[in-house]
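Lettering of chains follows the sequences in order, A, B, ..., and the numbering in each one begins at 1.
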2 protein chains.
Amino acid sequence: MGRVKLQIKKIENTTNRQVTYSKRRNGLIKKAYELSILCDIDIALLMFSPSGRLSMFSGNKRIEDVLERYVNLPEHERGRPNTVVSQIEDLQLEVNKFRNKVEELEKKLRIFEGDSLIITSVHQAEYHEHVLEEALNCVRSRKEVLEQQQDLTSNSSTEQIFCHMQNVHSNGFLATSPHHAADWLSQRDTQSDIFNFLDLNGLLPLRSLKLDDI
Amino acid sequence: MGRVKLQIKKIENTTNRQVTYSKRRNGLIKKAYELSILCDIDIALLMFSPSGRLSMFSGNKRIEDVLERYVNLPEHERGRPNTVVSQIEDLQLEVNKFRNKVEELEKKLRIFEGDSLIITSVHQAEYHEHVLEEALNCVRSRKEVLEQQQDLTSNSSTEQIFCHMQNVHSNGFLATSPHHAADWLSQRDTQSDIFNFLDLNGLLPLRSLKLDDI
DNA sequence: GCTACTATCTATAAGCT
DNA sequence: TAGCTTATAGATAGTAG
(Lines give C-alpha, C1' and ligand atoms only; values in the text may rest on other atoms or scores of the structure.)
Protein backbone atom coordinates (compact mmCIF):
# COMPACT_ATOMS: atom_id res chain seq x y z
CA MET A 1 0.00 0.00 0.00
CA GLY A 2 2.31 2.56 -1.26
CA ARG A 3 3.65 3.53 -4.62
CA VAL A 4 5.41 0.22 -5.00
CA LYS A 5 4.80 -3.18 -3.56
CA LEU A 6 7.18 -3.77 -0.70
CA GLN A 7 8.94 -7.11 -0.24
CA ILE A 8 8.37 -8.36 3.29
CA LYS A 9 11.96 -8.70 4.39
CA LYS A 10 14.23 -6.72 6.63
CA ILE A 11 14.82 -3.18 5.40
CA GLU A 12 18.60 -2.91 5.35
CA ASN A 13 18.84 0.88 5.16
CA THR A 14 18.82 1.99 8.78
CA THR A 15 17.12 5.33 8.23
CA ASN A 16 14.47 3.78 6.05
CA ARG A 17 13.87 1.08 8.63
CA GLN A 18 13.40 3.66 11.37
CA VAL A 19 10.98 5.67 9.25
CA THR A 20 9.00 2.64 8.25
CA TYR A 21 8.91 1.49 11.88
CA SER A 22 7.57 4.82 13.00
CA LYS A 23 4.84 4.92 10.37
CA ARG A 24 3.73 1.32 10.65
CA ARG A 25 3.87 1.37 14.44
CA ASN A 26 1.36 4.23 14.44
CA GLY A 27 -0.80 2.41 11.94
CA LEU A 28 -0.71 -0.74 14.04
CA ILE A 29 -1.62 1.10 17.22
CA LYS A 30 -4.47 2.83 15.42
CA LYS A 31 -5.81 -0.51 14.20
CA ALA A 32 -5.39 -2.05 17.64
CA TYR A 33 -7.30 0.89 19.11
CA GLU A 34 -10.13 0.55 16.59
CA LEU A 35 -10.38 -3.17 17.22
CA SER A 36 -10.47 -2.70 20.98
CA ILE A 37 -13.36 -0.22 20.65
CA LEU A 38 -15.33 -1.84 17.85
CA CYS A 39 -15.25 -5.28 19.41
CA ASP A 40 -14.86 -4.23 23.04
CA ILE A 41 -11.97 -6.57 23.73
CA ASP A 42 -8.88 -6.80 25.88
CA ILE A 43 -5.76 -6.19 23.85
CA ALA A 44 -2.11 -5.65 24.61
CA LEU A 45 0.50 -4.61 22.10
CA LEU A 46 4.19 -4.32 22.92
CA MET A 47 6.84 -3.22 20.45
CA PHE A 48 10.51 -2.46 20.85
CA SER A 49 11.81 -0.07 18.19
CA PRO A 50 14.99 -0.93 16.25
CA SER A 51 16.78 1.31 18.76
CA GLY A 52 15.19 -0.51 21.71
CA ARG A 53 12.53 1.97 22.75
CA LEU A 54 9.28 0.54 23.99
CA SER A 55 5.94 1.39 22.44
CA MET A 56 2.80 -0.11 23.81
CA PHE A 57 -0.91 -0.04 23.55
CA SER A 58 -3.78 -1.46 25.51
CA GLY A 59 -7.47 -0.68 25.40
CA ASN A 60 -9.67 0.16 28.34
CA LYS A 61 -7.72 -2.14 30.68
CA ARG A 62 -4.20 -1.48 31.88
CA ILE A 63 -1.57 -3.44 30.00
CA GLU A 64 -0.62 -5.31 33.19
CA ASP A 65 -4.17 -6.53 33.60
CA VAL A 66 -4.13 -7.96 30.09
CA LEU A 67 -0.75 -9.60 30.67
CA GLU A 68 -2.00 -10.99 33.97
CA ARG A 69 -5.06 -12.40 32.22
CA TYR A 70 -2.64 -14.03 29.81
CA VAL A 71 -0.27 -15.55 32.37
CA ASN A 72 -3.17 -16.83 34.48
CA LEU A 73 -4.55 -18.77 31.53
CA PRO A 74 -4.21 -22.57 31.87
CA GLU A 75 -1.21 -23.81 29.95
CA HIS A 76 -3.21 -25.61 27.24
CA GLU A 77 -5.06 -22.38 26.37
CA ARG A 78 -1.84 -20.44 26.24
CA GLY A 79 -0.11 -23.06 24.13
CA ARG A 80 3.19 -22.86 25.98
CA PRO A 81 4.64 -23.28 29.44
CA ASN A 82 4.61 -20.16 31.52
CA THR A 83 7.96 -19.34 32.98
CA VAL A 84 6.71 -16.54 35.19
CA VAL A 85 3.92 -18.63 36.68
CA SER A 86 6.17 -21.62 37.16
CA GLN A 87 8.72 -19.40 38.87
CA ILE A 88 6.00 -18.26 41.27
CA GLU A 89 4.86 -21.84 41.76
CA ASP A 90 8.42 -22.93 42.51
CA LEU A 91 8.75 -20.21 45.12
CA GLN A 92 5.40 -21.16 46.61
CA LEU A 93 6.61 -24.77 46.87
CA GLU A 94 9.77 -23.60 48.58
CA VAL A 95 7.71 -21.56 51.04
CA ASN A 96 5.59 -24.62 51.83
CA LYS A 97 8.69 -26.76 52.24
CA PHE A 98 10.09 -24.31 54.77
CA ARG A 99 6.75 -24.01 56.50
CA ASN A 100 6.74 -27.78 57.03
CA LYS A 101 10.36 -27.74 58.14
CA VAL A 102 9.57 -25.07 60.73
CA GLU A 103 6.60 -27.07 61.96
CA GLU A 104 8.79 -30.16 62.27
CA LEU A 105 11.48 -28.30 64.18
CA GLU A 106 8.96 -26.68 66.51
CA LYS A 107 7.49 -30.09 67.22
CA LYS A 108 10.95 -31.38 68.15
CA LEU A 109 11.60 -28.39 70.36
CA ARG A 110 8.37 -29.03 72.23
CA ILE A 111 9.84 -32.19 73.73
CA PHE A 112 12.64 -30.19 75.26
CA GLU A 113 10.42 -27.36 76.29
CA GLY A 114 8.11 -29.44 78.44
CA ASP A 115 5.50 -31.13 76.28
CA SER A 116 5.99 -34.81 76.95
CA LEU A 117 2.57 -35.88 75.74
CA ILE A 118 3.77 -36.50 72.21
CA ILE A 119 5.65 -39.47 73.65
CA THR A 120 3.38 -42.49 73.28
CA SER A 121 5.53 -45.47 74.24
CA VAL A 122 7.88 -46.42 77.06
CA HIS A 123 10.58 -47.10 74.49
CA GLN A 124 10.28 -43.58 73.11
CA ALA A 125 10.30 -42.16 76.64
CA GLU A 126 13.52 -43.98 77.44
CA TYR A 127 15.12 -42.61 74.34
CA HIS A 128 14.09 -39.06 75.09
CA GLU A 129 15.27 -39.50 78.67
CA HIS A 130 18.65 -40.64 77.41
CA VAL A 131 18.97 -37.74 74.97
CA LEU A 132 18.03 -35.21 77.64
CA GLU A 133 20.48 -36.74 80.14
CA GLU A 134 23.29 -36.46 77.64
CA ALA A 135 22.42 -32.87 76.85
CA LEU A 136 22.28 -32.13 80.56
CA ASN A 137 25.74 -33.66 81.01
CA CYS A 138 27.05 -31.44 78.26
CA VAL A 139 25.59 -28.30 79.80
CA ARG A 140 26.92 -29.21 83.26
CA SER A 141 30.40 -29.86 81.92
CA ARG A 142 30.23 -26.61 80.05
CA LYS A 143 29.14 -24.82 83.20
CA GLU A 144 32.14 -26.20 85.09
CA VAL A 145 34.51 -24.99 82.42
CA LEU A 146 32.93 -21.55 82.45
CA GLU A 147 33.12 -21.40 86.23
CA GLN A 148 36.82 -22.24 86.08
CA GLN A 149 37.33 -19.55 83.47
CA GLN A 150 35.50 -17.09 85.69
CA ASP A 151 37.84 -17.90 88.55
CA LEU A 152 41.02 -17.74 86.50
CA THR A 153 40.47 -14.34 84.91
CA SER A 154 44.11 -14.08 83.87
CA ASN A 155 43.92 -17.26 81.81
CA SER A 156 43.50 -16.29 78.18
CA SER A 157 43.79 -19.71 76.49
CA THR A 158 40.68 -21.13 74.89
CA GLU A 159 39.15 -24.01 76.83
CA GLN A 160 37.72 -26.93 74.96
CA ILE A 161 34.95 -29.24 75.98
CA PHE A 162 33.78 -32.45 74.40
CA CYS A 163 30.42 -33.91 75.21
CA HIS A 164 29.82 -37.56 75.82
CA MET A 165 27.07 -37.73 73.29
CA GLN A 166 29.03 -36.37 70.37
CA ASN A 167 32.31 -34.62 70.04
CA VAL A 168 31.48 -31.09 69.17
CA HIS A 169 34.21 -29.05 67.58
CA SER A 170 34.77 -25.37 68.07
CA ASN A 171 35.94 -22.92 65.47
CA GLY A 172 38.81 -22.00 67.75
CA PHE A 173 39.97 -25.57 67.70
CA LEU A 174 39.99 -25.73 63.93
CA ALA A 175 41.68 -22.38 63.61
CA THR A 176 44.59 -23.12 65.91
CA SER A 177 45.31 -26.72 65.00
CA PRO A 178 44.84 -27.89 61.43
CA HIS A 179 46.31 -31.29 62.25
CA HIS A 180 43.91 -31.94 65.07
CA ALA A 181 41.18 -30.61 62.87
CA ALA A 182 41.84 -33.39 60.38
CA ASP A 183 41.58 -35.93 63.18
CA TRP A 184 38.32 -34.41 64.20
CA LEU A 185 36.93 -34.42 60.69
CA SER A 186 37.50 -38.13 60.16
CA GLN A 187 36.02 -38.83 63.56
CA ARG A 188 33.14 -36.57 62.81
CA ASP A 189 32.16 -38.52 59.71
CA THR A 190 31.95 -41.74 61.69
CA GLN A 191 29.80 -40.07 64.30
CA SER A 192 27.69 -38.60 61.56
CA ASP A 193 27.17 -42.04 60.05
CA ILE A 194 26.10 -43.48 63.37
CA PHE A 195 23.60 -40.74 63.92
CA ASN A 196 22.25 -40.98 60.42
CA PHE A 197 21.82 -44.71 60.92
CA LEU A 198 19.98 -44.24 64.20
CA ASP A 199 17.85 -41.52 62.71
CA LEU A 200 16.90 -43.41 59.59
CA ASN A 201 15.92 -46.42 61.66
CA GLY A 202 13.69 -44.42 63.94
CA LEU A 203 15.93 -45.02 66.92
CA LEU A 204 16.51 -41.34 67.47
CA PRO A 205 13.37 -39.56 68.62
CA LEU A 206 14.84 -36.33 67.33
CA ARG A 207 16.79 -35.82 64.17
CA SER A 208 20.45 -35.83 65.05
CA LEU A 209 22.34 -32.60 64.89
CA LYS A 210 23.27 -31.70 61.38
CA LEU A 211 27.03 -31.58 61.86
CA ASP A 212 27.60 -29.95 58.51
CA ASP A 213 25.67 -26.92 59.70
CA ILE A 214 27.89 -26.19 62.64
CA MET B 1 -11.87 0.56 4.10
CA GLY B 2 -15.03 -1.14 3.25
CA ARG B 3 -18.17 -0.22 1.47
CA VAL B 4 -19.04 2.29 4.13
CA LYS B 5 -17.02 4.22 6.63
CA LEU B 6 -17.42 2.62 10.02
CA GLN B 7 -17.91 4.70 13.17
CA ILE B 8 -15.34 3.72 15.74
CA LYS B 9 -17.63 2.63 18.53
CA LYS B 10 -18.72 -0.70 19.90
CA ILE B 11 -20.58 -2.85 17.37
CA GLU B 12 -23.76 -3.77 19.20
CA ASN B 13 -24.80 -6.66 16.96
CA THR B 14 -23.08 -9.70 18.45
CA THR B 15 -22.64 -11.62 15.22
CA ASN B 16 -21.34 -8.59 13.43
CA ARG B 17 -18.93 -7.89 16.27
CA GLN B 18 -17.58 -11.43 16.12
CA VAL B 19 -17.11 -11.26 12.35
CA THR B 20 -15.42 -7.90 12.49
CA TYR B 21 -13.17 -9.14 15.28
CA SER B 22 -12.14 -12.13 13.24
CA LYS B 23 -11.32 -10.09 10.15
CA ARG B 24 -9.56 -7.24 11.89
CA ARG B 25 -7.65 -9.57 14.18
CA ASN B 26 -6.17 -11.29 11.12
CA GLY B 27 -5.36 -7.93 9.58
CA LEU B 28 -3.70 -6.78 12.77
CA ILE B 29 -1.63 -9.94 13.06
CA LYS B 30 -0.55 -9.62 9.43
CA LYS B 31 0.54 -6.02 10.00
CA ALA B 32 2.34 -6.99 13.18
CA TYR B 33 4.11 -9.76 11.28
CA GLU B 34 5.16 -7.43 8.48
CA LEU B 35 6.43 -4.86 10.95
CA SER B 36 8.43 -7.45 12.86
CA ILE B 37 10.12 -8.60 9.64
CA LEU B 38 10.59 -5.27 7.88
CA CYS B 39 12.02 -3.56 10.92
CA ASP B 40 13.44 -6.61 12.67
CA ILE B 41 11.90 -5.82 16.03
CA ASP B 42 10.54 -7.59 19.10
CA ILE B 43 6.78 -7.45 19.18
CA ALA B 44 4.05 -9.07 21.25
CA LEU B 45 0.36 -8.88 20.53
CA LEU B 46 -2.30 -10.36 22.79
CA MET B 47 -6.01 -10.25 22.08
CA PHE B 48 -8.98 -11.82 23.79
CA SER B 49 -11.95 -12.30 21.48
CA PRO B 50 -15.41 -11.12 22.55
CA SER B 51 -16.02 -14.72 23.62
CA GLY B 52 -12.79 -14.79 25.63
CA ARG B 53 -10.55 -16.79 23.31
CA LEU B 54 -6.91 -15.78 23.17
CA SER B 55 -5.15 -14.81 19.96
CA MET B 56 -1.55 -13.82 20.01
CA PHE B 57 1.39 -12.99 17.85
CA SER B 58 5.06 -12.49 18.36
CA GLY B 59 7.87 -12.27 15.85
CA ASN B 60 11.07 -14.26 15.89
CA LYS B 61 11.19 -14.33 19.70
CA ARG B 62 8.78 -16.30 21.85
CA ILE B 63 6.04 -14.17 23.34
CA GLU B 64 7.30 -14.91 26.85
CA ASP B 65 10.70 -13.50 25.95
CA VAL B 66 9.10 -10.27 24.78
CA LEU B 67 6.96 -10.06 27.92
CA GLU B 68 10.03 -10.76 30.02
CA ARG B 69 11.90 -7.99 28.23
CA TYR B 70 8.97 -5.77 29.12
CA VAL B 71 8.69 -6.72 32.82
CA ASN B 72 12.45 -6.46 33.27
CA LEU B 73 12.42 -2.88 32.02
CA PRO B 74 13.13 -0.33 34.75
CA GLU B 75 9.90 1.08 36.06
CA HIS B 76 10.41 4.55 34.58
CA GLU B 77 10.76 3.08 31.08
CA ARG B 78 7.67 0.95 31.55
CA GLY B 79 5.70 3.81 33.06
CA ARG B 80 4.02 1.67 35.75
CA PRO B 81 4.78 -0.58 38.69
CA ASN B 82 5.25 -4.26 37.97
CA THR B 83 2.91 -6.50 39.93
CA VAL B 84 4.39 -9.79 38.75
CA VAL B 85 7.91 -8.86 39.73
CA SER B 86 6.76 -7.57 43.11
CA GLN B 87 4.84 -10.82 43.70
CA ILE B 88 8.03 -12.78 43.06
CA GLU B 89 9.96 -10.45 45.33
CA ASP B 90 7.38 -10.92 48.09
CA LEU B 91 7.67 -14.70 47.83
CA GLN B 92 11.45 -14.46 47.87
CA LEU B 93 11.22 -12.42 51.07
CA GLU B 94 8.96 -15.05 52.61
CA VAL B 95 11.42 -17.78 51.66
CA ASN B 96 14.22 -15.84 53.30
CA LYS B 97 12.11 -15.28 56.41
CA PHE B 98 11.50 -19.01 56.72
CA ARG B 99 15.13 -19.80 56.01
CA ASN B 100 16.12 -17.59 58.94
CA LYS B 101 13.43 -19.14 61.12
CA VAL B 102 14.72 -22.63 60.34
CA GLU B 103 18.27 -21.55 61.11
CA GLU B 104 17.10 -20.10 64.43
CA LEU B 105 15.21 -23.26 65.38
CA GLU B 106 18.11 -25.50 64.42
CA LYS B 107 20.39 -23.37 66.57
CA LYS B 108 18.03 -23.86 69.50
CA LEU B 109 17.85 -27.59 68.92
CA ARG B 110 21.61 -27.81 68.97
CA ILE B 111 21.59 -26.98 72.67
CA PHE B 112 19.42 -29.96 73.36
CA GLU B 113 21.17 -32.22 70.97
CA GLY B 114 24.56 -31.90 72.59
CA ASP B 115 26.30 -28.76 71.41
CA SER B 116 26.91 -26.80 74.59
CA LEU B 117 29.60 -24.55 73.15
CA ILE B 118 27.11 -21.85 72.21
CA ILE B 119 26.68 -21.28 75.94
CA THR B 120 29.09 -18.52 76.89
CA SER B 121 28.24 -17.63 80.48
CA VAL B 122 27.63 -19.47 83.73
CA HIS B 123 24.27 -17.74 83.98
CA GLN B 124 23.20 -19.09 80.59
CA ALA B 125 24.46 -22.55 81.53
CA GLU B 126 22.35 -22.54 84.68
CA TYR B 127 19.32 -21.60 82.72
CA HIS B 128 19.82 -24.34 80.16
CA GLU B 129 20.47 -26.79 82.98
CA HIS B 130 17.20 -25.81 84.59
CA VAL B 131 15.23 -26.13 81.35
CA LEU B 132 16.71 -29.54 80.62
CA GLU B 133 16.03 -30.76 84.14
CA GLU B 134 12.39 -29.77 83.83
CA ALA B 135 12.08 -31.49 80.48
CA LEU B 136 13.70 -34.56 81.95
CA ASN B 137 11.20 -34.54 84.82
CA CYS B 138 8.37 -34.38 82.32
CA VAL B 139 9.70 -37.27 80.29
CA ARG B 140 10.26 -39.39 83.41
CA SER B 141 6.75 -38.71 84.70
CA ARG B 142 5.43 -39.54 81.29
CA LYS B 143 7.42 -42.77 81.27
CA GLU B 144 5.91 -43.77 84.60
CA VAL B 145 2.41 -43.17 83.31
CA LEU B 146 3.10 -45.20 80.20
CA GLU B 147 4.59 -48.02 82.27
CA GLN B 148 1.47 -48.08 84.41
CA GLN B 149 -0.68 -48.17 81.29
CA GLN B 150 1.39 -51.04 79.98
CA ASP B 151 0.79 -52.98 83.22
CA LEU B 152 -2.92 -52.28 83.40
CA THR B 153 -3.79 -53.41 79.90
CA SER B 154 -7.48 -53.72 80.81
CA ASN B 155 -7.69 -50.09 81.89
CA SER B 156 -9.10 -48.05 79.00
CA SER B 157 -9.37 -44.62 80.64
CA THR B 158 -7.05 -41.90 79.40
CA GLU B 159 -4.31 -40.95 81.84
CA GLN B 160 -3.31 -37.32 82.18
CA ILE B 161 0.01 -35.84 83.10
CA PHE B 162 0.97 -32.31 83.90
CA CYS B 163 4.54 -31.19 83.87
CA HIS B 164 6.06 -28.96 86.51
CA MET B 165 7.35 -26.51 83.97
CA GLN B 166 4.06 -25.86 82.25
CA ASN B 167 0.71 -27.52 82.29
CA VAL B 168 0.40 -29.22 78.97
CA HIS B 169 -3.05 -30.18 77.84
CA SER B 170 -3.93 -33.26 75.85
CA ASN B 171 -6.54 -33.48 73.15
CA GLY B 172 -8.23 -36.23 75.11
CA PHE B 173 -8.62 -33.87 78.02
CA LEU B 174 -10.32 -31.23 75.92
CA ALA B 175 -12.51 -33.77 74.24
CA THR B 176 -13.90 -35.35 77.39
CA SER B 177 -14.31 -32.30 79.62
CA PRO B 178 -15.25 -28.94 78.10
CA HIS B 179 -15.56 -27.39 81.55
CA HIS B 180 -12.06 -28.32 82.58
CA ALA B 181 -10.89 -27.23 79.17
CA ALA B 182 -12.10 -23.72 79.93
CA ASP B 183 -10.18 -23.74 83.19
CA TRP B 184 -7.13 -24.82 81.31
CA LEU B 185 -7.51 -22.11 78.72
CA SER B 186 -7.62 -19.28 81.25
CA GLN B 187 -4.66 -20.79 83.03
CA ARG B 188 -2.91 -21.21 79.73
CA ASP B 189 -3.06 -17.50 78.95
CA THR B 190 -1.39 -16.65 82.23
CA GLN B 191 1.33 -19.17 81.57
CA SER B 192 1.70 -17.79 78.09
CA ASP B 193 2.13 -14.26 79.46
CA ILE B 194 4.81 -15.40 81.86
CA PHE B 195 6.71 -17.15 79.15
CA ASN B 196 6.42 -14.24 76.77
CA PHE B 197 7.71 -11.95 79.48
CA LEU B 198 10.69 -14.18 80.20
CA ASP B 199 11.39 -14.58 76.53
CA LEU B 200 11.18 -10.89 75.69
CA ASN B 201 13.52 -10.05 78.54
CA GLY B 202 16.12 -12.54 77.45
CA LEU B 203 15.61 -14.65 80.55
CA LEU B 204 14.68 -17.69 78.53
CA PRO B 205 17.62 -18.99 76.53
CA LEU B 206 15.16 -20.67 74.20
CA ARG B 207 11.94 -19.26 72.91
CA SER B 208 9.14 -20.62 75.06
CA LEU B 209 6.78 -23.13 73.59
CA LYS B 210 4.20 -21.45 71.44
CA LEU B 211 1.10 -22.54 73.32
CA ASP B 212 -1.17 -21.43 70.52
CA ASP B 213 0.39 -24.02 68.27
CA ILE B 214 -0.51 -26.98 70.44
C1' DG C 1 -17.18 -19.75 13.50
C1' DC C 2 -14.83 -19.56 8.11
C1' DT C 3 -14.48 -18.41 2.96
C1' DA C 4 -15.36 -15.63 -1.20
C1' DC C 5 -16.51 -11.48 -3.56
C1' DT C 6 -15.99 -6.65 -4.48
C1' DA C 7 -16.82 -1.77 -3.83
C1' DT C 8 -14.86 1.27 -1.13
C1' DC C 9 -12.02 3.12 2.34
C1' DT C 10 -7.34 3.33 4.52
C1' DA C 11 -2.43 2.90 5.09
C1' DT C 12 1.69 3.83 3.44
C1' DA C 13 6.19 3.98 0.08
C1' DA C 14 8.46 7.21 -2.10
C1' DG C 15 9.39 11.71 -2.89
C1' DC C 16 9.55 16.45 -1.52
C1' DT C 17 10.22 20.26 1.81
C1' DT D 1 14.94 13.94 11.92
C1' DA D 2 10.07 15.13 11.05
C1' DG D 3 6.09 16.46 8.22
C1' DC D 4 3.45 16.77 4.01
C1' DT D 5 1.80 14.78 -0.55
C1' DT D 6 0.14 11.50 -3.63
C1' DA D 7 -0.13 7.32 -6.23
C1' DT D 8 -1.06 2.94 -5.20
C1' DA D 9 -1.25 -1.47 -2.47
C1' DG D 10 -3.84 -3.38 1.03
C1' DA D 11 -7.70 -3.92 4.35
C1' DT D 12 -12.27 -4.61 5.10
C1' DA D 13 -17.82 -3.81 5.41
C1' DG D 14 -21.44 -5.78 3.57
C1' DT D 15 -23.14 -9.73 1.60
C1' DA D 16 -23.87 -14.58 0.44
C1' DG D 17 -22.72 -19.36 1.08
Apply the test side chain to side chain contact (heavy atoms under 4.5 Å, CB included) to residues A:K101 and B:K101: give CA-CA distance (whole Å), side-chain angles for both, the deciding distance (0.1 Å), then the verdict. CA-CA 10 Å; A:K101 179 85 180 170; B:K101 179 84 179 170; over 6 Å; no
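Of the two residues near DNA chain C, B:L38 and B:G2, the one whose nearest nucleotide lies more 5' is B:G2. Mapped onto DNA chain D by nearest heavy atom, A:T15 and A:K5 fall at different nucleotides, with A:T15 at the one closer to the 5' end. The 5' end of DNA chain D is approached more closely, in terms of each residue's nearest nucleotide, by A:Q18 than by the other of A:L6 and A:Q18.
In this structure, CG in B:L46 is found 9.0 Å from CG in A:L45, a value given to the nearest 0.5 Å.
Going from atom CG of A:N16 over to atom P of D:dT1 covers 11 Å, rounded to whole Å. Atom NZ of A:K30 is separated from atom C1' of C:dC9 by 10 Å (rounded to the nearest Å). Separating the OH atom of A:Y21 from the P atom of C:dA11 is a distance of 18 Å, rounded to the nearest angstrom. Distance, A:I8 CD1 to C:dA11 P: 17 Å, rounded to whole Å. The distance from atom CG of B:L28 to atom P of D:dG10 is 17 Å, rounded to the nearest whole Å. In this structure, the CZ atom of B:R17 is 16 Å from the C1' atom of D:dA13, given to the nearest Å. Rounded to an integer number of Å, the gap from NZ of B:K9 to C1' of D:dA13 is 16 Å. Atoms CD (A:E34) and C1' (D:dA13) sit 13 Å apart, rounded to a whole Å.
Two residues are said to be in side-chain contact when any heavy atoms from C-beta on lie closer than 4.5 Å; A:R17 and B:L38 fail this criterion.
If you check distances only, the side chain of A:R3 never reaches the base of C:dT12 with a donor-acceptor pair under 3.5 Å.
In this structure C:dG1 sits in no base pair that meets the Watson-Crick or G-U test at under 3.5 Å. Pair assignment for D:dT1: none, as no Watson-Crick or G-U wobble contacts are both less than 3.5 Å.
With respect to the salt-bridge test (charged N to carboxylate O, under 4.0 angstrom), the residues B:E68 and B:K61 do not qualify.
Side-chain proximity of B:S51 to the nucleotides D:dT12, C:dA14, C:dG1 is greatest for C:dG1. Residue B:K23 places its side chain closer to D:dA13 than to any other of D:dA13, C:dT10, C:dA14. Closest approach to the A:V4 side chain among C:dA13, C:dG1, C:dA4 is made by C:dA13 (side chain taken as heavy atoms from C-beta onward). For A:R24, counting side-chain heavy atoms from C-beta on, the closest listed nucleotide (C:dA13, D:dG10, C:dG1) is C:dA13. Residue B:T20 has its side chain nearest to D:dA13 when only D:dG10, D:dA13, C:dT10 are considered.
The aromatic rings of B:F98 and A:F98 sit parallel to each other, their planes meeting at less than 30°, with 60° as the upper class boundary.
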